[in-house]
*Asks:* 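Attaching a single structure in structure tokens format; questions to follow.
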Amino acid sequence: MPELPDLEVFRQYFDATGLHQRIQQVEVREPRLLEEITTDRFRTAVTGHQFEETRRHGKYLFGILENETAVIFHFGMTGFLQYYQDPEMEPDHVRVLFTFESGYNLAYDNMRMLGKVGYTNDPESYIRNQDLGPDVFNLEYDEFEQLLGKKRGMLKSAFMDQNTMAGLGNIYTDELLFHAGFHPKMQVTDLTKDQIHLLFDTMREVLRTAIDEKVNPERFPPGYLLGHREEGEECPKCGRGRIQKIKVSSRSTYFCPAHQGEGMKDEG
DNA sequence: AGTACCACCTGACGGC
DNA sequence: TGCCGTCAGGTGGTAC
């Protein structure tokens, strides 16, 4: 699931469960997931410390320890956190497990192992080194306009590029373009200033809604694409078109040809 | 610089 | 029931 809204919910979850407790034990069940650090060094760095706060940048989450160093979490496509006491409650694919003195556990679960867990002395420089663009949810309009102004290519590719701005993935880029009414293949360079404004406002709205509703599709207001990503389904927004599935930059892309014609010469 | 493709992984699902 | 291809909300490398 993990795109910006999911990450924000993970962060809130972490804040509500994993802070201000001494870490008694760290279990690395899949060393392959560790980024540029050995299991031994990771365990030594973290054991005996405690998480004091969290920070999120795009799709990265940082658990900041009291000594200002940080554990880095990236969730790939299937990662999530789970906090529990009873071992019976342990999820199926725990890759890294933090056990607190209280006896509670914070598990990093990731079935497909496409994510990573790391450790850094300085989250800010880590973000720089990853070449991540600014977080899309902590972005002023002026900067947004400036960043898009430097891009070429298709809208969908531009928004999914984490080096331009960080946080949107396949699902929420589709959702954004769905609500703003733009074809995913529209060229960024064809956007007018008004359209960039519309994209910015729509992006904030979509992300805000997703976070507020805890990324649960059933809680989303009517008219959202999420939960209706199915070819041929009646468009939940305009009711006129049927949802179409295409590939854009080799990712499955769902859109409504009836109300997302904006920016395309031909018709869908 | 943008795009298309491959690779990294595991699991679910549909067709035969 | 079993096998097989395809697909999945991410990212990094490579080649054109």
Side-chain angles (χ1 to χ4, degrees), chain A residues 1-11 28-36 56-61 72-81 91-96 108-118 126-127 129-133 135-137 147-179 183-191 203 206-207 209-211 213-220 224-232 243 245-255:
Chain A
M1 340 167 151
E3 296 180 35
L4 189 150
D6 309 88
L7 263 288
E8 191 56 32
V9 173
F10 292 169
R11 194 184 67 77
V28 178
R29 299 190 187 169
E30 273 296 344
R32 279 182 292 175
L33 275 163
L34 288 186
E35 184 185 35
E36 290 174 3
R56 183 192 59 72
H57 187 103
K59 301 173 191 171
Y60 285 83
L61 180 63
I72 305 155
F73 299 91
H74 191 278
F75 296 89
M77 290 175 80
T78 54
F80 63 94
L81 297 172
D92 291 339
H93 310 281
V94 175
R95 309 307 188 187
V96 179
Y108 168 89
D109 186 293
N110 196 337
M111 180 183 83
R112 282 177 71 190
M113 299 203 289
L114 294 176
K116 59 194 174 186
V117 173
Y126 179 83
I127 290 164
N129 293 339
Q130 294 293 119
D131 262 322
L132 291 177
D135 183 84
V136 288
F137 204 51
L147 290 168
L148 276 189
K150 284 188 284 197
K151 294 288 288 181
R152 277 178 289 158
M154 300 179 284
L155 286 190
K156 172 136 179 177
S157 318
F159 283 111
M160 285 188 65
D161 179 3
Q162 303 299 298
N163 305 130
T164 301
M165 39 190 147
L168 294 181
N170 198 35
I171 292 288
Y172 286 96
T173 300
D174 279 7
E175 196 70 51
L176 161 61
L177 299 176
F178 180 78
H179 289 285
H183 195 289
K185 287 188 172 177
M186 178 182 177
Q187 296 296 118
V188 181
T189 44
D190 289 343
L191 288 171
M203 182 177 81
V206 165
L207 294 175
T209 301
I211 294 166
E213 303 307 333
K214 305 288 182 212
V215 300
N216 180 352
E218 288 171 15
R219 289 178 46 170
F220 277 45
Y224 267 71
L225 180 59
L226 198 58
H228 302 274
R229 294 172 67 82
E230 187 107 21
E231 184 145 44
I243 299 302
K245 180 186 180 184
I246 58 175
K247 290 276 184 199
V248 180
S249 55
S250 59
R251 302 299 302 277
S252 291
T253 302
Y254 294 84
F255 76 108

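Just so we're clear, the structure is a prediction, and the values are computed from it rather than from any experiment. Any value given below was found using the heavy atoms of this structure, including those in side chains, with hydrogens, waters and symmetry copies removed.
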*Asks:* When the distance from CG of A/L114 to P of C/dG9 is rounded to whole Å, what number comes out?
*Replies:*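 Going from A/L114 (CG) to C/dG9 (P), I get 12 Å.
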
*Asks:* Working note: A/R56 + A/L4, criterion side chain to side chain contact (heavy atoms under 4.5 Å, CB included); need CA distance, chi angles, decisive distance, verdict.
*Replies:* CA-CA 9 Å; A/R56 183 192 59 72; A/L4 189 150; 3.4 Å; yes

*Asks:* A/D161 CG to B/dA1 P: how many Å, rounded?
*Replies:*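 Rounded to the whole Å, the gap is 11 Å.
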
*Asks:* Which of these passes side chain to side chain contact (heavy atoms under 4.5 Å, CB included) with A/V136: A/L207, A/T164, A/L147, A/L176?
*Replies:*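 Option passing the side chain to side chain contact (heavy atoms under 4.5 Å, CB included) with A/V136: A/L207.
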
*Asks:* With both distances under 3.5 Å as the test, what is the Watson-Crick or G-U wobble partner of C/dA15?
*Replies:*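 Because both required distances fall under 3.5 Å, C/dA15 counts as paired with B/dT3.
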
*Asks:* When you measure from the side-chain N and O atoms of A/K150 to the phosphate of B/dG2, is any distance below 4.0 Å, counting only OP1 and OP2?
*Replies:*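 For B/dG2, neither OP1 nor OP2 has a side-chain N or O of A/K150 closer than 4.0 Å.
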
*Asks:* What is the distance from CZ of A/R95 to C1' of B/dT10, rounded to the nearest Å?
*Replies:*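 One finds 8 Å between C1' of B/dT10 and CZ of A/R95, rounded.
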
*Asks:* Looking at the side chain of A/R32, which of C/dT11, B/dT10, C/dA8 is the nearest nucleotide?
*Replies:*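 Shortest atom-to-atom distance from the side chain points to B/dT10.
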
*Asks:* Go through C/dT11, B/dA1, C/dG10 for me and flag the one nearest to the A/E3 side chain.
*Replies:*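 For the A/E3 side chain, the nearest candidate turns out to be C/dG10.
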
*Asks:* A/N163 or A/D6: which one's nearest nucleotide on DNA chain C is closer to the 5' end?
*Replies:*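 The 5'-side residue here is A/D6.
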
*Asks:* Are any of the side-chain heavy atoms of A/M160 and A/R251 separated by less than 4.5 Å?
*Replies:*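 A/M160 reaches A/R251 side chain to side chain.
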
*Asks:* Using purine N1 to pyrimidine N3 plus N6-O4 or O6-N4 for Watson-Crick, or N1-O2 and O6-N3 for G-U wobble, each under 3.5 Å, what pairs with B/dC9?
*Replies:*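 B/dC9 is unpaired by these criteria.
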
*Asks:* On the 0 to 90° scale, with breaks at 30° and 60°, tag the A/F73-A/F75 ring pair as parallel, tilted or perpendicular.
*Replies:*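 Judged by the thresholds at 30° and 60°, the geometry between A/F73 and A/F75 is parallel.
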
*Asks:* Taking only side-chain nitrogens and oxygens of A/S249, does any of them come within less than 4.0 Å of OP1 or OP2 of B/dA4?
*Replies:*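 The answer is no; no side-chain N or O of A/S249 sits under 4.0 Å from OP1 or OP2.
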
*Asks:* Taking atom types as modelled and ignoring hydrogens, do the side chains of A/T253 and A/K245 form a donor-acceptor contact shorter than 3.5 angstrom?
*Replies:*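 Looking only at side-chain atoms, A/K245 and A/T253 do not form any donor-acceptor pair under 3.5 Å.
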
*Asks:* Can you measure A/R251 atom CZ to C/dG12 atom P for me and round it to whole angstrom units?
*Replies:*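 In whole Å, C/dG12 P and A/R251 CZ are 13 Å from each other.
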
*Asks:* Can you find a side chain N or O atom of A/Q130 that sits less than 4.0 Å from OP1 or OP2 on C/dG12?
*Replies:*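 So the side chain of A/Q130 is within the cut-off, an N or O lying under 4.0 Å from OP1 or OP2 of C/dG12.
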
*Asks:* Please determine whether a side-chain nitrogen or oxygen atom of A/H93 lies at a distance below 4.0 Å from atom OP1 or OP2 of B/dT10.
*Replies:*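 Answer is no, no contact under 4.0 Å.
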
*Asks:* When you check the side-chain N and O atoms of A/Q162 and A/Y60, is any donor under 3.5 Å from an acceptor?
*Replies:*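 No, no side-chain donor-acceptor contact under 3.5 Å.
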
*Asks:* Under 4.0 Å between any heavy atoms, over every strand shown, what does A/R112 touch: base, sugar-phosphate, or nothing? Just pick one.
*Replies:*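 Result for A/R112 = base.
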
*Asks:* Does the side chain of A/Y108 pick up a donor-acceptor pair with the side chain of A/N110 at under 3.5 Å?
*Replies:*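 Short answer, yes.
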
*Asks:* What's the NZ-P distance between A/K116 and B/dC9, to the nearest Å?
*Replies:*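 About 14 Å, once rounded to whole Å.
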
*Asks:* Of the nucleotides C/dT11, C/dG10, C/dA8, which has the atom closest to the A/S252 side chain?
*Replies:*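 Of the candidates, C/dA8 comes closest.
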
*Asks:* Between A/Y254 and A/E230, is any side-chain donor less than 3.5 angstrom from a side-chain acceptor?
*Replies:*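 Side chains of A/Y254 and A/E230: no pair found under 3.5 Å.
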
*Asks:* Is the phosphate of C/dC7 approached by A/K247 (side-chain N or O, under 4.0 Å from OP1 or OP2)?
*Replies:*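 It does not, given that no N or O in the side chain of A/K247 lies less than 4.0 Å from OP1 or OP2 of C/dC7.
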
*Asks:* Any side-chain heavy atom of A/D174 within less than 4.5 Å of one from A/F178?
*Replies:*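 Side chain of A/D174 against side chain of A/F178, heavy atoms only: no contact under 4.5 Å found.
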
*Asks:* To the nearest Å, how far apart are A/M111 CE and C/dA8 C1'?
*Replies:*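 Interatomic distance, CE of A/M111 to C1' of C/dA8: 8 Å.
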
*Asks:* Using atom C1' of each nucleotide, how far apart are C/dG2 and B/dC9 to the nearest Å?
*Replies:*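 Approximately 23 Å lies between the C1' atom of C/dG2 and that of B/dC9.
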
*Asks:* What's the gap between B/dT10 and C/dT1 when it is taken at their P atoms, as a whole Å value?
*Replies:*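 Going atom to atom, P in each nucleotide, I get 25 Å.
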
*Asks:* If you restrict it to nitrogen or oxygen atoms, what contacts under 3.5 Å exist between nucleotides 4-6 of chain C and the protein, and what is each distance?
*Replies:*
none

*Asks:* Tell me the interatomic distance from A/M77, atom CE, to B/dG11, atom C1', rounded to whole angstroms.
*Replies:*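 Distance, rounded to whole Å: 12 Å.
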
*Asks:* Are OP1 or OP2 of B/dT3 and a side-chain N or O of A/S157 less than 4.0 angstrom apart?
*Replies:*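 For B/dT3, OP1/OP2 do have a side-chain N/O of A/S157 under 4.0 Å.
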
*Asks:* So, does A/K151 get its side chain near the phosphate of B/dA1, meaning an N or O under 4.0 Å from OP1 or OP2?
*Replies:*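 Checking A/K151 against B/dA1: no side-chain N or O falls below 4.0 Å of OP1 or OP2.
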
*Asks:* Provide, to the nearest angstrom, the distance between the CE atom belonging to A/M154 and the C1' atom belonging to B/dA1.
*Replies:*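 Roughly 13 Å, once rounded to whole Å.
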
